[in-house]
Amino acid sequence: MFEWIFLMPDHEFYMQRCLELAKKGAGSVAPNPMVGSVLVYQDRIIGEGWHQRFGEAHAEVNCISSVREEDQPLINSSVLYVSLEPCAHFGKTPPCTDLIIRHKIRQVVIACPDPFDEVNGKGIEKLKASGIDVITGVLEKEAMALNRRFFIFYQQHRPYIILKWAQTADHFMSREAGQPRLLISNELSNRLVHQWRSQESSILVGTATALADNPSLTTRLWPGASPLRLILDLSLRLPPSLHVFDQTVKTIIFNKLREGEEGNLHYYKISESQNLVQQLLHALYQLKIQSVMVEGGARLLQSFLNEGCWDEARVITNEHLKIEKGLAAPRLGNAWQTGEQELASDRIRFYTRQAK
Ligand code: AOF
Ligand code: ZN
C-alpha cells in the first residue's frame with residue numbers, strides 16, 4: 001500500500017508546473033488563453049512548453065518539440081500534462097490532438113475543458129477515441145482562475161468585468177458637481193491602476209467622468225499596451241478636445257445617434273430605452289472584447305452592481321482624506337473581500353461577486 005502511494009504519479013505537481021509555464025504567456029497571448037504543458041517519462045520531465053504568442057504554436061507543440069533527441073524514443077511512453085484541453089480544430093495552428101495522437105502518447109492529463117465552441121469537449125473525445133487514457137480536472141479551479149477572462153467570455157457570452165474606483169475615507173468618489181476635481185488616490189496607486197489597465201482588453205467610462213476628469217485612460221505610467229477605450233456618450237455631447245478623443249488609442253463611443261468610423265474613433269449605436277448594461281455587454285461580446293475595467297463614474301459603476309454584472313471590484317480608499325459631502329461612492333452588495341493591499345496612505349481592497 002505504502003509503495004503504491006509512493007509510485008502514484010503526482011499529477012498536481014506536474015500540473016502546477018504547467019500553470020507556471022502558462023503564466024509566461026501573460027500579456028502576449030490574449031485573446032487566446034495562457035496554456036502550459038509538460039511531458040513526463042517515469043517521473044522525469046523530458047519536455048516543457050507554453051503558448052508564447054497569439055497566433056503562434058500552442059503549448060503542446062512547444063512542449064513536444066523541446067524534447068532532446070536522445071529522449072525522443074521515450075515520447076510514446078510518456079504522460080503529457082496540459083493546463084487546457086488540447087484543441088481539435090484548425091485555427092491559426094493545426095489541432096494539438098492530431099500531434100498527440102501522431103506521437104502515440106499513452107496518457108494525457110488535463111486541468112479543464114476548453115470552453116471555446118470549436119473545441120469544448122471535442123479534443124477530449126478525440127483523444128479517448130484513439131485509445132489514449134485521458135484524466136481531467138487536475139487543478140481545475142486554479143487553471144480556470146488563471147484564464148478567468150477567457151472562461152467568462154465563452155461560458156457567459158460577455159466580457160469579464162472589473163469595477164474600479166477610488167474613494168475618500170468617508171466614502172465619497174468626488175466633490176459635488178461643479179466643484180474642482182479631487183485627487184483621491186496617491187501616485188503609487190495610480191501606477192498600479194496603469195498596470196491593471198495593461199492587463200485588460202478595454203476600459204469603460206461614462207459621460208460625466210470623461211468630462212469632469214478628462215482622463216487619458218492610457219498606461220503611460222506602466223510599460224504595457226493601452227487597452228481599447230470605451231466611452232459612453234449617448235447624446236454625443238462630449239467636446240472633441242477631451243484626451244479620450246486624441247486618437248492615440250482605438251476608442252469606441254457608445255451613443256444613440258450614429259455609427260461609423262473616423263480614424264481611431266468608432267461610433268457604436270445603442271438604444272436609450274433598453275437596459276444599458278446589457279446592451280454594452282452584448283456589444284462587447286459581439287466585438288470579441290474579453291475583459292473590461294469600468295473606471296467610473298459612480299452611476300455607471302452602480303448600474304453594473306445593481307444588475308449583478310461584475311466579477312471583481314478593486315476599491316482604493318484614501319484612509320487620510322475626508323470631505324464630508326460630495327458624490328457618494330458605489331455600494332457593493334453580495335461581495336466577498338479576497339484581499340487587501342496598503343500603498344502609503346491608500347488601502348486597496350479586492351472583492352469578487354458572491355454567487356446568489
Ligand atoms: C491548445 N493549446 O496552448 C492553446 C489553445 O487560432 P489558434 O489555432 O491559435 O487557436 C486558438 C484557440 O485554441 C483558442 O481560442 C483556444 O480555444 C485554444 N487554445 N489550445 O490546445 C494551447 N492556447
Ligand atoms: Zn492546440
Side-chain angles (χ1 to χ4, degrees), residues 14-40 45 47-67 75 78-105 107-130 132 134-140 142-160 199-201 284-291:
Y14 293 117
M15 194 56 81
Q16 193 59 50
R17 180 66 187 146
C18 291
L19 294 178
E20 275 168 29
L21 292 166
K23 284 179 202 158
K24 293 176 186 276
S28 319
V29 299
N32 275 356
M34 293 169 262
V35 184
S37 179
V38 299
L39 191 63
V40 179
I45 292 181
E48 287 193 337
W50 67 95
H51 184 38
Q52 298 185 355
R53 194 163 292 281
F54 177 80
E56 294 182 8
H58 286 183
E60 302 89 316
V61 177
N62 290 331
C63 174
I64 292 173
S65 57
S66 77
V67 176
I75 294 179
S78 299
V79 181
L80 183 79
Y81 290 82
V82 55
S83 58
L84 185 77
E85 171 184 8
C87 65
H89 72 298
F90 283 89
K92 292 191 173 56
T93 65
C96 291
T97 42
D98 291 0
L99 178 77
I100 296 168
I101 294 166
R102 212 177 327 120
H103 279 278
K104 300 189 167 56
I105 290 172
Q107 190 180 47
V108 177
V109 181
I110 298 166
C112 52
D114 182 344
F116 180 48
D117 303 334
E118 301 246 22
V119 186
N120 208 355
K122 294 188 195 85
I124 293 173
E125 263 171 44
K126 201 165 160 188
L127 294 175
K128 283 185 175 166
S130 70
I132 295 173
V134 181
I135 296 177
T136 57
V138 175
L139 297 188
E140 183 169 23
E142 291 81 351
M144 288 180 73
L146 175 66
N147 287 309
R148 53 197 187 277
R149 296 160 181 80
F150 177 76
F151 278 93
I152 287 281
F153 184 81
Y154 284 109
Q155 289 178 336
Q156 303 202 18
H157 295 178
R158 64 161 175 84
Y160 187 82
Q199 293 162 347
E200 306 312 326
S201 309
L284 297 183
Y285 180 70
Q286 296 298 325
L287 294 164
K288 297 195 162 44
I289 296 169
Q290 273 187 18
S291 70

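Only this structure's heavy atoms are used, side chains among them; waters, hydrogens and symmetry mates stay out. Atoms within each ligand, like the ligands themselves, are counted from 1 in listed order.
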So, is [X] polar-close to ligand 1, with some N/O to N/O distance under 3.5 Å?
X	result
H58	yes
F116	no
C87	yes
D114	yes

Residue-level breakdown please: for [X] versus ligand 1, do any non-hydrogen atoms fall below 4.0 Å on the side chain, on the backbone, on both, or on neither?
X	result
F54	neither
P33	both
E118	neither

Mind listing the closest non-hydrogen atom pair of L19 and S83 along with its distance?
->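 In terms of heavy atoms, the two residues are closest at CD2-CB, 3.8 Å.
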Shortest non-hydrogen contact from G36 to L21?
->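 Looking at all heavy atoms of both residues, the shortest contact is CA-CB, 4.2 Å.
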What is the nearest protein non-hydrogen atom to [atom], stated with its residue, atom name and distance?
atom	answer
atom 6 (O) of ligand 1	K92 N, 2.7 Å
atom 11 (C) of ligand 1	N32 OD1, 3.5 Å
atom 2 (N) of ligand 1	E60 OE1, 2.8 Å
atom 3 (O) of ligand 1	A59 N, 2.8 Å
atom 23 (N) of ligand 1	H51 CD2, 3.3 Å

F153/Y160 aromatic ring centres below 6.0 Å =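 Ring centres of Y160 and F153 not closer than 6.0 Å.
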Taking only Lys NZ, Arg NE, NH1 and NH2, and the carboxylate oxygens of Asp or Glu, determine whether D98 and K126 approach each other closer than 4.0 Å.
->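 Salt bridge present between D98 and K126.
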Salt bridge flag under 4.0 Å for residues R17 and E20 =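 Answer for the salt bridge query: yes.
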Show which atoms of ligand 1 fall inside a sub-4.0 Å distance from at least one heavy-atom site of F150.
->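 Once the distances to F150 are compared, the set is 15 (O), 16 (C), 17 (O).
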Quick one: does F90 get a heavy atom under 4.0 Å from ligand 1?
-> no
For ligand 1, is there an atom lying under 4.0 Å from some heavy atom of M34?
-> no
With respect to S291, which candidate in E200, R148, Q199 satisfies the side-chain hydrogen bond (donor to acceptor under 3.5 Å, both in side chains) definition?
-> E200
Environment of the Zn ion (ligand 2) in terms of protein N/O/S atoms, cut-off under 2.8 Å | H58 ND1, C87 SG, C96 SG
